[in-house]
Each structure stands twice: as structure tokens, then as C-alpha cells.
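Working notes, structure below.
Atoms within each ligand, like the ligands themselves, are counted from 1 in listed order. Just so it is clear, the model here is predicted, and its values are computed rather than measured.
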Amino acid sequence: MSESKDFLRVKVEEDLKIGKYKEVITRFPPEPNGFPHIGHAKSICINFGIARDYNGYCNLRMDDTNPSKEDTKYVEALQDAVQWLGFEWKDNLHFTSDYFSKIYDYAVQLIKMDKAYIDSVNEEEMRELRGTVKEAGKRSKYASRSIEENLELFKKMKNGEFKDGEHVLRAKIDMSAANMKLRDPLLYRIRHAHHFRTEDKWCIYPMYDFAHCLSDYIEGVSHSICTLEFENNRDIYDWVLDTLELSLPRPFQHEFARLGINYTVMSKRKLLELVDGKYVSGWDDPRLPTIAAYKRRGYTKESILNFCDQIGIAKANSMVDVAQLEFCIRDDLNKKVPRVMAVLSPLKVTITNYDGFEEIDAPYYPHDVPKEGTRKLPFSKEIYIESDDFMENPPKGYFRLTPTQAVRLRHGFIISCKEIIKDSNGEICEIKAEYYPDSKSGSDTSGIKVKSAIQWLSAKEAKTIEVRLYDRLYKNESPEGLEDLNSNSLQIIKNALIEPAVITQKPDTRLQFERQGYFYADPIDYKDEKPVFNKIVGLKDSWAKKTKVKKQAPKAEIKREQIVGEVEALSEAEQELFDRYTAKLGLNTEVANILSRDNILSSFYEECLKINASAVSLANIVVNEVARELKEKQIDSLKFTASNIVELVQIIDNGTISSKIAKEVFEELVKTGKSPKQIVEDKGLVQISDPDIISPIIDEIITKNPDNVEKFKAGNNKLLGFFVGQVLKNTGGKANPKVVNQLVAEKLHS
Ligand code: ATP
Ligand code: MG
């Protein structure tokens with residue numbers, strides 16, 4: 001469990017402390033009307049996770065009250081998802097339909113208490129009588145039926161004597177309630193439909209609002225955790241359980257924010273539309289956000305669990321960037337999987353000065369993966385390289401093979417291009433090259449410097465594979481419907497090539513194809529005669545870059561982006577920089593990665609370092625702020641210099657300004673080229689760390705927000721952020737966040 005507790009766990013602990021429940025019992029209650037998606041994974045992690053953390057248990061309950069949409073195949077998919085994520089329901093698999101008799105009895109009890117009645121108005125009338133947010137509703141004339149008549153009608157409903165829609169059972173609550181949900185909600189409706197479990201036994205079905213609370217009660221659930229859209233249903237939940245005067249303890253409902261991810265849809269209804277309409281190949285199509293799809297694509301359960309942990313549990317809905325999920329899978333696979341070489345778009349290279357055949361020993365894992373294993377790479381006169389690893393007229397910054405630039409074959413020799421062969425269309429179809437016999441990786445005495453190493457395969461021994469590349473299913477961030485589908489979300493390469501050991505030794509089902517990304521042997525379509533690999537994820541986030549470039553950059557630049565491409569691994573020179581940045585200077589890998597890949601940026605960084613600045617703070621400014629400017633402008637048209645940036649870093653490091661204000665100073669520096677110290681002075685931006693100045697501001701905000709103070713004291717820790725935010729806002733971002741945090745916490749706890 002992570003260190004700081006979420007509000008649900010805080011609540012559970014409070015309830016245990018006051019002895020409200022002997023045991024924590026939660027449930028995951030999906031409707032089996034579609035395959036579970038990653039939002040469900042979040043709910044599974046919360047419900048099963050809380051039960052586990054407090055030594056209770058979690059029921060898996062199929063909420064099967066809508067016969068026309070439900071099916072056993074969805075029940076199986078739900079079970080599979082829970083199991084795959086590593087949770088167990090043991091013997092606690094339940095179905096709401098198992099409680100139909102009990103729920104019916106509770107309904108009869110409500111009728112007898114004169115708390116429910118049979119209504120017989122049609123849908124339209126019912127809607128009209130409900131009123132509006134501003135106007136109270138009116139009760140239908142049928143609400144005055146006697147208890148006896150209601151009992152009689154309800155029985156007849158159950159016995160199938162009426163048609164669908166002829167009557168409904170409604171709770172008698174309050175037609176003028178401000179919460180519209182309380183305006184005599186429906187409890188039962190007539191549905192002459194075949195149910196996948198109870199078959200034709202029932203023709204009336206309880207509504208969610210009636211079935212859910214009672215199922216929770218019947219199962220002895222303590223904490224009924226659901227998503228925020230049920231907040232208004234909570235009043236019905238409580239009304240039903242309280243009105244029936246059920247013996248305690250009874251469950252209570254708590255809501256959290258549902259997960260939304262950009263570039264995808266997250267509702268079973270919309271997913272069903274994609275599956276039924278054959279826009280995807282099935283519920284497990286690797287482009288979907290279903291658990292089955294992630295599983296098929298090659299995501300590990302660890303990556304999904306980690307993601308659910310990272311996004312946390314909040315009380316406000318928000319959209320999570322899919323890049324975060326991709327980060328989690330990349331991060332997990334990076335530590336685990338073998339590195340091999342594959343070529344997706346082969347270009348033949350004939351090494352004219354080589355004859356014969358040899359096998360090169362190459363490790364499967366880089367130094368920092370604590371795993372052993374090597375394979376043999378066949379090497380011969382005819383090899384294949386990736387076609388975009390050669391360019392006849394390369395732009396600046398292209399580090400791979402060109403007519404004048406040698407390149408290293410990964411784990412092998414350095415080669416240089418001697419001749420370009422073109423076909424009748426003028427397309428390059430072959431390169432004639434020479435190798436340097438004394439340049440073999442690991443025993444290189446050639447003295448030749450190259451800027452990168454590329455993957456390659458010996459032509460004769462390479463094996464053909466099918467590769468399926470996936471892109472975002474939707475082209476925009478918040479897709480509405482089918483018109484937003486990305487028509488290029490699937491690319492199938494039938495004749496890609498891979499080194500033989502992957503097929504014969506099968507070192508793993510998940511592999512990194514060097515410089516291409518992570519791939520997974522498709523669990524269904526992979527055959528030894530016809531291997532198929534799914535791309536799980538690229539080696540770095542390429543999407544943000546791609547869309548940005550497409551929007552505004554001139555053509556030439558697009559080209560450069562494509563070449564630099566998503567699958568580019570570090571060249572040897574870049575690797576050297578990267579290693580120094582991480583090992584010697586202590587930069588995190590992400591920052592080091594950005595710096596070492598960008599010549600201009602890293603030279604600027606080096607220049608600043610020479611002047612004197614702390615490596616980590618400097619790197620952050622360079623990568624986050626300077627980089628943006630350098631992307632848009634030529635370096636010699638910038639108004640600021642390396643020494644300006646060094647000065648900026650110094651005044652952040654010594655506490656003169658906060659890093660938030662630093663952004664403002666930087667903006668001004670970009671515009672005017674004035675020295676950062678001068679800017680701070682002119683604009684009065686010095687950071688405020690003095691508690692005597694900050695304290696009264698906090699006091700004022702606390703006095704102004706008594707509701708939030710109360711909520712905070714009742715356990716809503718998230719509100720700490722609210723108060724800190726208010727103080728920062730009040731001081732124009734000048735207050736020292738550390739000091740504010742500490743003072744706010746002290747004051748709220750006192
Ligand atoms: P959908 O709209 O996708 O069909 P749902 O809410 O109808 O979802 P259910 O099968 O009824 O799906 O949900 C089972 C549980 O999973 C519920 O407790 C629900 O709150 C939770 N859940 C569903 N979607 C999400 C989500 N996006 N994020 C977090 N929890 C979710
Ligand atoms: Mg639903």
C-alpha cells in the first residue's frame with residue numbers, strides 16, 4: 001500500500017476503529033453486458049485491494065438484472081480479468097439473480113408498509129409528472145391504490161399477466177425532493193425476456209437502485225464503493241435500507257472518480273458498438289482498452305496494477321493521459337525482456353569484402369537487467385538493414401548509414417557504403433558496402449568513430465514474421481463517436497524479418513526489438529510456421545511529438561521527425577552522454593534521455609555546466625524551458641545566454657524564487673534578455689518564506705472556507721491541496737510551497 005492513504009482507506013479505518021463492522025467486506029459488481037475495461041481494473045484494484053489490506057474479502061458479483069443484454073461469455077471475461085490481475089474471490093462469486101426471490105420479498109414488504117405502489121401511467125406521463133429541477137413533481141393518480149390492490153397487482157405482474165411497460169413498482173418517497181432521483185423511483189419493471197441464468201422464471205426485474213443496495217445487504221457488504229455518477233443514487237440506497245428497518249450493520253455507499261483515458265472510449269456500450277460493427281477484430285482487439293485486449297497485446301499485469309496505483313483514488317473526475325499507461329508498461333518490460341534484432345522494412349546490403357560465415361555471440365540483456373542469456377547472430381556477405389537506416393541525402397543530425405558516414409552493425413562490425421543500387425523506378429534496392437575486419441564490437445581496434453549502431457540480420461538465416469503495429473484507436477483526445485476513429489490504427493507487416501534465435505530458442509514471449517519497441521508473440525495467432533508479433537509499445541512516447549510537429553512545422557522538419565522517429569535507440573555517442581548524465585551527474589533517465597538525444601540541447605547544457613550550476617536543477621530548466629525555445633527558434637536568435645540560465649538556476653537553488661516563479665522569470669528573460677536577478681527585482685518576485693507573512697494569509701483562507709475545513713477534519717485529506725493552492729494563488733505564486741504546506745497542515749490539524 002502506498003504511504004499516504006486515500007480517502008476510502010481512511011474511511012474504512014475509521015469504521016473499523018469505532019467498531020462499526022467486524023470485518024471489511026467489499027464487492028466488485030459489474031453488469032455482465034460487455035468485456036471489462038481498464039476502468040474496471042481500477043475498480044477491481046480498489047475493491048479487492050481494500051479487502052486485502054484490511055484482512056477482509058471482496059465478492060465478485062454479477063449484477064445481472066437486465067436480461068436482454070447479458071451473457072455468460074461476459075461473465076467469463078470478467079472472471080478472467082479479475083484472476084489475471086491477481087485477485088481471488090474464492091467462493092464468493094455471486095449473481096444478483098440469485099437474490100431475485102429475496103428482493104421480491106423485500107418489495108412486498110415495502111408495499112405492505114405503504115412505501116411502494118404500482119403505477120400504471122405511460123412513460124411520457126411519468127416523465128411529465130416528475131417535474132423539473134426547478135418545479136416539484138406530482139404523484140400519479142395510481143399512487144392512491146390500496147395496499148391490497150398493490151399486492152394483488154404486483155403478484156399478477158410477477159405471474160406474467162401483464163405486458164412489458166403496462167405497470168411498474170415505484171417507491172413512495174417524495175415527488176418534490178430536490179434530488180430528482182428520490183421522486184418515487186422505479187423499483188421493478190416488467191420484461192418478458194429470457195435471462196441467461198434464471199431463464200424464463202421471472203418476467204419482472206428489479207431496477208439497479210433496488211437490487212444493488214439489497215444485494216450488498218444480503219452479502220453483508222460493509223463498504224459499497226462505486227463511481228461518482230451514483231452520488232445522487234446514494235439517497236435511494238439509504239432510503240431502501242432504512243425504510244425496511246434492516247438489522248445492523250448495514251452497508252454504506254462511497255463514491256470515487258471513474259477513470260477516463262484520452263484517445264479512447266470507456267463504456268461497454270461504445271465498446272460493443274465497435275465490436276458489433278466490426279471496427280475492431282473482437283473484444284480482445286489489441287487497440288481496445290479492455291483487459292482482454294491489453295492481455296492479448298502483451299501488457300503485463302504488473303504494468304496495469306502499477307498504473308492503477310499511480311493514478312490514485314480521487315473524488316473528482318479527470319482524464320488520465322494514455323502516455324502514463326504506456327510509461328508503466330515500458331518501465332516494466334525494460335527491466336525484464338530480452339533485446340533482439342528485427343527488421344521491419346528490409347534493405348539488402350551486400351558486403352563485398354566479406355566471404356564465408358560466422359556466428360557472433362551476443363547477450364540478450366543489457367548490463368542493467370539482472371538476467372543471463374546469449375544467442376548467436378549469424379553473419380554473412382548478405383545482410384538486411386532497416387530501409388530508413390540508410391539515406392542518400394541525409395539531413396543534418398542523421399547519424400546512420402550514408403554514402404559518407406559509416407555505421408556499426410549492432411554487436412558486429414562497422415560498415416561503410418560503397419555503392420547504391422537503384423531499381424527501374426529509381427528506388428534504392430541494394431547497398432554495396434565494405435566492412436572493417438578489425439572493428440568487431442568488443443574487440444574494435446579500427447579507430448573508426450561512428451555515431452550509431454543499427455540492427456541487421458543475415459539474409460539467409462533471418463526468419464519471416466508477421467508484425468502488427470498498433471496506433472491510437474481514435475485520432476482525437478476526447479473521441480465522441482465512430483467519426484473520430486483513427487483509420488491508421490492498425491498496420492500489418494507480413495514480411496518482417498527476425499533473427500533465428502527468437503524463433504528457435506524462444507527466449508521469451510515478450511521481447512524488445514532493438515530500436516523498434518516492445519513486442520509480444522500473439523497468444524492466439526502465433527504458429528511456429530507463421531510467427532506473429534504484436535507491438536506492445538514503442539521505446540518512447542512518440543505521439544506527443546508527432547501531433548505537435550504535424551500541426552505547425554514546415555515540411556522539411558516533419559521529415560526530420562520521421563527519421564528521428566519513435567523507435568530510435570541511442571547511438572553510441574548519445575549513449576555515452578546518457579551514461580554520464582545518469583551515473584555521474586545524477587539526472588533521472590527521462591531528463592538524461594531528452595538531453596542526450598538532442599545535440600543542440602546537450603551542448604547548451606554543457607556550456608552552462610562549465611559556467612557553474614548544479615547539474616540537476618539546471619537540467620530541469622534546460623529540458624523544460626530552454627528546450628521549448630530552442631525548438632521554435634535558431635540558437636543565435638535567442639535573447640538569453642548560458643550565463644542567464646545559470647543565474648536563474650542559482651536563484652532557484654538558493655531559495656530566492658520558487659520554481660513556479662522561475663517559469664515567469666524565464667518567460668520575461670525570453671522576451672527581454674534582462675538578467676534574471678534584475679527581473680526578480682523589477683517585478684517584486686522574491687519568494688516569501690517568512691511564516692509571519694504567510695500565517696495571516698492562511699488564517700484568512702481558513703476563516704473563509706469553514707465547509708472545507710470541516711470536510712478536511714472529517715477525513716478528506718485531498719483538501720490540504722485546496723488550501724495550499726489558495727495560499728499560493730493569493731500570493732501570486734510567491735509563497736514558498738514547502739513553508740505553506742507545513743503551516744497549512746499545522747493549522748488544520750490544530
Ligand atoms: P460502463 O459504462 O463501461 O458499462 P458501468 O459503470 O456500467 O461501466 P459496471 O459493469 O456496472 O460498468 O461496473 C462495475 C463496477 O466498475 C462499478 O462499480 C463501476 O462503478 C466500476 N467502473 C465502471 N467503469 C469505471 C471506470 N471508468 N473507472 C472506475 N470504475 C469503473
Ligand atoms: Mg452500466
Within reach of ligand 1, part of His37 (heavy-atom separation under 4.0 Å):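 Contact part for His37 vs ligand 1: side chain (C-beta onward).
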Heavy-atom closest contact (Gly481 atom, Tyr474 atom, distance):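 Of all heavy-atom pairs spanning Gly481 and Tyr474, the closest is O-CE2, 3.6 Å.
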Which atom of Phe35 lies closest to which atom of Ala292, heavy atoms considered: CD2-CB, 3.7 Å
As an exercise, identify every atom of ligand 1 less than 4.0 angstrom from a heavy atom of [X].
| X | value |
| --- | --- |
| Thr227 | 19 (C), 20 (O), 29 (C), 30 (N), 31 (C) |
| Ser43 | 15 (C), 16 (O), 18 (O), 21 (C), 30 (N) |
| Leu259 | 26 (C), 27 (N), 28 (N), 29 (C) |

Centroid-centroid distance, Phe723 to Phe712, less than 6.0 Å: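 No; Phe712 has its ring centre 6.0 Å or more from that of Phe723.
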Selected option - heavy-atom contact closest to atom 1 (P) of ligand 1, from Lys42, Met62, Lys268, Glu255: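 It is Lys268 whose heavy atom sits nearest to atom 1 (P) of ligand 1.
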Pick from Glu229, His40, Glu31: the one approaching atom 11 (O) of ligand 1 most closely through a non-hydrogen atom: Glu31
Phe100 and Trp202 aromatic ring geometry - parallel, tilted or perpendicular at 30°/60° bounds: perpendicular
Distance under 6.0 Å and angle within 45° of ring axis: Arg250 vs Phe252: yes
Under 3.5 Å: N/O of Phe256 near N/O of ligand 1: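 N/O-N/O distance under 3.5 Å: no.
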Separation between CZ of Arg170 and OG of Ser120, rounded to the nearest 0.5 Å: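 So the CZ of Arg170 and the OG of Ser120 are separated by 10.5 Å.
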